[in-house]
Amino acid sequence: MRLMNFYKISVIALIGIASAASQATAQLRVVATTPDLASVAREIGGDRVNVVALAKPTEDPHFVDAKPSFIVTLNRADALIEGGAELELGWLPPLLENARNGKINAGGPGRIVASEGIRLLEIPTSFDRSKGDIHSLGNPHFMVDPVSAKIVARNIANHFAQIDPKNAATYNANLARFNARIDTKLGEWQRELAPYRGAKIVTYHRDFIYLAQRFGFTIVDELEPKPGIAPSPSHLAQVIGEMRRDNAKVILVQPFQNRKTAETVARQTGASVLDTPQQPGAVRNTTTYFDMLDNLVRALGTGLGAQK
Amino acid sequence: MYHTRSTIALALFALPAFAGAQVTPSKSKQDSIARADSIARADSIALVKQLEKELGAAGADTSGAVSSQGPRATGSYMNIGFVALTDGGWSTAHDIGAIERGDHDPKVNGFTMPNAEISLDGNVDPYFKGFSNIVLKIDSAGETGIELEEAYGLTTSLPANLQIKFGQFFTEFGRQNPQHPHAWSFLDAPLVLNRMFGPDGLRSQGVRFSWLLPTPFYTEALVTLANATGGTTSSFRSPDSPEIHGGVVDDRQVQHASDLLIAPRINTSFDLTETQTVVLGASAAFGPNNSGPSAKTQIYGADLYWKWKPAAAEAGFPFLSLQSEALWRHYDAAQRVAEANPALILPTEVLKDGGAYAQVLWGIKPRIVAGLRGEFARGNQSAFVSELRRDQSRWSPNFTWYPTEFSKIRVQYNYDNRKAIGTDHSLWFQLEFLIGAHAAHKF
């Protein structure tokens with residue numbers, strides 16, 4: 001009798017483990033290089049996917065440490081979403097080399113290149129590092145343009161449907177819902193920022209050009225003299241001159257950029273420094289891509305409004 | 001292939017069913033299981049047939065061709081990079097080569113070009129990657145030497161988390177041995193690595209097998225099988241070995257598997273917190289040496305790397321890191337004829353050496369790093385007094401400015417202390433430039 005009980009318990013436990021395992025495997029294991037891509041993947045995948053981001057929301061996505069724990073994460077992934085415009089060039093290749101996961105090899109359905117189909121800006125005509133750290137495929141900071149996010153979402157939905165055809169309808173429905181929500185929100189964001197169309201702004205790095213193009217801002221200059229090159233006093237003096245001449249009153253910085261440098265320039269020009277993180281999760285209560293853009297638009301509206 | 005996969009899948013499906021069958025062995029259940037099993041089998045056979053049919057026509061399948069508006073392809077089939085180091089400085093040591101034994105270390109008062117490296121890499125095909133490093137260096141007499149430092153293939157699609165490397169490559173022993181001078185945090189090699197692995201580091205021709213273990217944290221087990229002969233297998237059958245054991249070299253061809261160098265390694269890593277990571281490794285190298293026909297060498301090593309980087313770091317700064325390695329060598333020297341004096345027979349003896357280094361790096365602000373390394377290497381007494389086995393220690397504070405990832409300016413002070421010789425002071429500068437492709441650094 002006791003033996004019977006033991007068997008029963010074992011069977012229940014086994015069934016439990018098996019069903020837990022099958023539930024776990026039923027969810028696609030998705031790895032995104034950055035939190036913004038991860039958020040879009042969650043919108044498209046819903047409860048059918050389990051998404052993790054490698055870079056932290058407050059981390060400079062160009063300089064992520066290739067930690068061995070990421071090798072394990074990538075080894076067990078069903079899909080990898082990367083920006084694709086060389087943003088992750090400094091850390092993703094050695095991780096992939098050791099991850100030994102054929103599912104996420106380049107060219108396969110499990111490898112999702114977010115930038116595919118996006119008209120990238122600033123594609124260099126010549127490769128010359130004396131111009132700073134330029135990306136040969138173009139500027140990779142396209143996710144702050146909500147229209148780019150729609151293309152990214154389409155790429156993700158297409159690949160999810162290929163990897164997991166039985167849930168294709170769900171992914172497509174989620175894509176349609178995501179697109180509709182982007183359209184609605186884009187209208188709101190555009191209305192909110194409409195009064196500041198043509199506003200002159202300064203950024204730390206060339207990471208807001210897609211946002212400027214979408215919402216009609218003019219970027220006067222960057223605090224970095226060239227992409228990836230640390231601000232020098234002579235260049236900052238030039239930026240201060242340009243800001244005074246053009247009446248630029250805001251400087252946009254991300255959490256990993258040197259706020260002190262921006263504050264110094266702001267003091268000289270009467271401008272204000274705006275915290276404008278591009279990653280969901282970088283500030284409290286911004287867990288999704290929409291939260292991140294809500295926060296960004298609010299910060300811009302408040303900052304530019306105060307300067308009016 | 002598909003058949004094998006479906007068999008495995010069936011076996012997996014059958015596992016819980018089998019467990020169920022054990023406790024409720026009623027006939028009807030068994031029948032239903034058998035029926036389900038046969039349905040599943042029929043389904044899978046049908047699927048295989050369907051797949052075979054589809055694969056037969058795969059040439060015409062264009063479903064993979066999505067939007068042609070993808071990013072523009074750049075570059076070529078091969079990444080090409082060139083990195084060159086220039087050292088300059090002065091030392092109070094009269095024999096700089098005795099305190100700077102590495103091939104990529106400063107060689108003379110004045111200037112040294114210790115390393116100019118052409119690196120090539122690319123995907124060979126869907127199954128392999130290829131890498132090569134061709135090193136040019138100018139010796140203390142101003143002569144240029146060339147060496148095929150590394151040339152190896154690496155598998156990309158083996159099953160079961162396996163990976164094979166083959167060709168000429170740095171043995172994966174500890175942290176620094178497989179690194180190229182460009183990735184070093186100090187401008188010279190640690191004393192203990194020079195002692196165990198010679199001026200060029202341990203590298204040879206062979207095969208390396210690696211398995212990424214299915215543990216929840218990163219664990220990789222590696223084993224290298226390589227030739228134990230040549231100038232870059234310093235503790236084994238190197239033509240320069242008389243500098244260690246003092247005897248005439250027992251020169252012979254490889255006769256047994258035990259004449260090869262075997263180097264196992266285990267490497268594991270944990271994220272202690274969101275901002276701290278630790279990597280721990282243990283390595284060994286076993287192989288013959290040439291002091292006698294059956295003389296062996298064993299080397300053991302332990303390594304540690306810890307790094308802290310805050311959640312919001314600018315260009316990877318600030319950071320704090322600690323790297324340390326300890327190595328032990330057990331060198332069985334056979335009874336041998338002294339090279340310097342054929343009338344003298346050196347006795348059978350065990351040459352025991354050990355040493356360690358620890359280095360702390362502080363990335364103070366973007367692109368500026370301060371470092372401090374402390375190290376020592378020791379050897380026991382032996383009939384042959386080897387200059388390579390003298391007790392010595394060194395302290396090296398340094399300071400590096402990286403204008404970008406592609407250039408580096410470093411200054412390093414070395415305080416060397418050698419038993420029976422005394423102390424020396426050296427001040428070295430190093431400049432580096434890199435053009436072309438820059439392979440990303442491993443953690």
Side-chain angles (χ1 to χ4, degrees), chain A residues 4 7-8 10-11 14-15 17-18 56-60 62-72 75 84-85 89-95 97-100 102 105-107 109 113 115-120 123 127 129 132-133 136-138 155 158 162 228-230 255-258 282, chain B residues 15-16 19-20 22-24 63-64 66-67 69-72 74-75 123 126 129 154-159 161-163 210 212 215-220 267-271 274 277 279 307 309-317 319 365-367 403-406 435 438-443:
Chain A
M4 266 315 263
Y7 275 131
K8 270 185 192 163
S10 307
V11 169
L14 267 176
I15 291 168
I17 290 166
K56 289 190 259 292
T58 50
E59 195 166 31
D60 186 341
H62 301 85
F63 296 93
V64 175
D65 280 337
K67 293 194 287 189
S69 57
F70 293 164
I71 294 170
V72 177
N75 175 257
L89 194 65
W91 52 278
L92 191 59
L95 292 172
E97 193 180 295
N98 213 355
R100 310 152 199 220
N105 275 351
V113 179
S115 59
E116 212 167 75
I118 292 175
R119 193 186 295 271
L120 293 178
I123 297 172
F127 301 154
R129 288 196 182 125
D133 190 18
S136 65
L137 296 171
N155 290 338
N158 284 348
Q162 276 184 63
I229 305 294
F256 49 84
Q257 292 164 346
N258 194 330
Chain B
L15 203 65
Q22 287 275 300
V23 271
T24 49
S63 62
V66 282
S67 155
Q69 246 219 313
R72 180 167 65 91
T74 55
N123 288 326
K129 274 187 163 186
L154 188 70
T155 61
T156 57
S157 42
L158 286 187
N161 288 342
L162 297 172
Q163 191 187 61
S210 153
L212 189 64
T215 45
F217 48 89
Y218 164 82
T219 312
E220 187 178 353
N267 197 25
T268 187
S269 172
F270 310 91
D271 292 334
E274 273 288 288
T277 299
V279 186
K307 183 175 179 182
K309 193 182 93 172
E314 183 186 10
F317 292 82
F319 71 84
K365 54 187 246 179
R367 311 204 176 278
T404 64
E405 303 96 277
F406 308 101
I435 48 179
H438 178 202
H441 290 192
K442 288 182 177 163
F443 188 74

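Labels below follow one simple rule: chain letters A, B, ... track the order of the sequence lines, proteins then strands, and each chain is numbered from 1.
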> Picking from A:Lys56, A:His62, A:Arg100, which has the most non-hydrogen pairs under 4.5 angstrom with chain B?
Replying inline: A:Arg100

> Where on A:Asn75 is there a heavy atom nearer than 4.5 Å to chain B: the side chain, the backbone, both, or neither?
Replying inline: side chain

> Where do B:Phe443 and A:Pro68 come nearest, in terms of heavy atoms and distance?
Replying inline: CD2-CD, 3.6 Å

> So what's closer than 4.5 Å to chain A heavy atoms on B:Pro216: side chain, backbone, both or neither?
Replying inline: backbone

> To the nearest 0.5 Å, how far apart are CD in A:Glu97 and CG in B:Leu154?
Replying inline: 5.5 Å

> What are the two closest heavy atoms between B:Ala440 and A:Pro94, and how far apart are they?
Replying inline: CB-CD, 3.5 Å

>> If I compare all heavy atoms of B:Gln163 with all of A:Asn98, which pair ends up nearest, and what's the gap?
In response: OE1-OD1, 4.1 Å

>> For chain A, which candidate among B:Gly316, B:Ala311, B:Pro310 shows the most heavy-atom pairs at distances under 4.5 Å?
In response: B:Ala311

> Using non-hydrogen atoms only, which part of B:Asn161 is less than 4.5 Å away from chain A: side chain, backbone, both, or neither?
Replying inline: both

>> For the NZ atom of B:Lys442 and the CD1 atom of A:Ile71, what is their distance to the nearest 0.5 Å?
In response: 8.0 Å

>> Please classify the contact between B:Glu274 and chain A as side chain, backbone, both or neither, with a heavy-atom cut-off of under 4.5 Å.
In response: both

>> Can you tell me which portion of B:Lys307 sits under 4.5 Å from chain A's heavy atoms? Options are side chain, backbone, both or neither.
In response: side chain

>> Testing the basics here: between A:Val72 and B:Thr215, what is the closest heavy-atom pair and its distance to 0.1 Å?
In response: CG1-O, 4.1 Å

>> So for B:Thr155, is it side chain, backbone, both, or neither that comes closer than 4.5 Å to the heavy atoms of chain A?
In response: neither

>> Heavy-atom cut-off 4.5 Å, strictly under: side chain, backbone, both or neither for A:Ala99 against chain B?
In response: backbone

> Non-hydrogen atoms of chain B under 4.5 Å away: do they reach the side chain of A:Leu95, the backbone, both or neither?
Replying inline: neither

> Is it the side chain or the backbone of B:Ala313 that comes within 4.5 Å of chain A heavy atoms, both, or neither?
Replying inline: backbone

> Side chain, backbone, both or neither: which part of B:Phe319 has a heavy atom under 4.5 Å from chain A?
Replying inline: neither

> Counting only N and O atoms by type, is there a donor-acceptor contact under 3.5 Å from the side chain of B:Ser157 to the main-chain atoms of A:Gly102?
Replying inline: no

> Using a cut-off of under 4.5 Å for heavy-atom pairs, which of B:Phe406, B:Phe270, B:Phe317, B:Phe217 has the most such pairs with chain A?
Replying inline: B:Phe406

> Most heavy-atom pairs under 4.5 angstrom with chain A, which of B:Glu405, B:His441, B:His438, B:Glu220?
Replying inline: B:Glu220

> Taking only residues two or more places apart in sequence, or in another chain, which ones meet A:Arg129 in a salt bridge (Lys or Arg N to Asp or Glu O under 4.0 Å)?
Replying inline: none

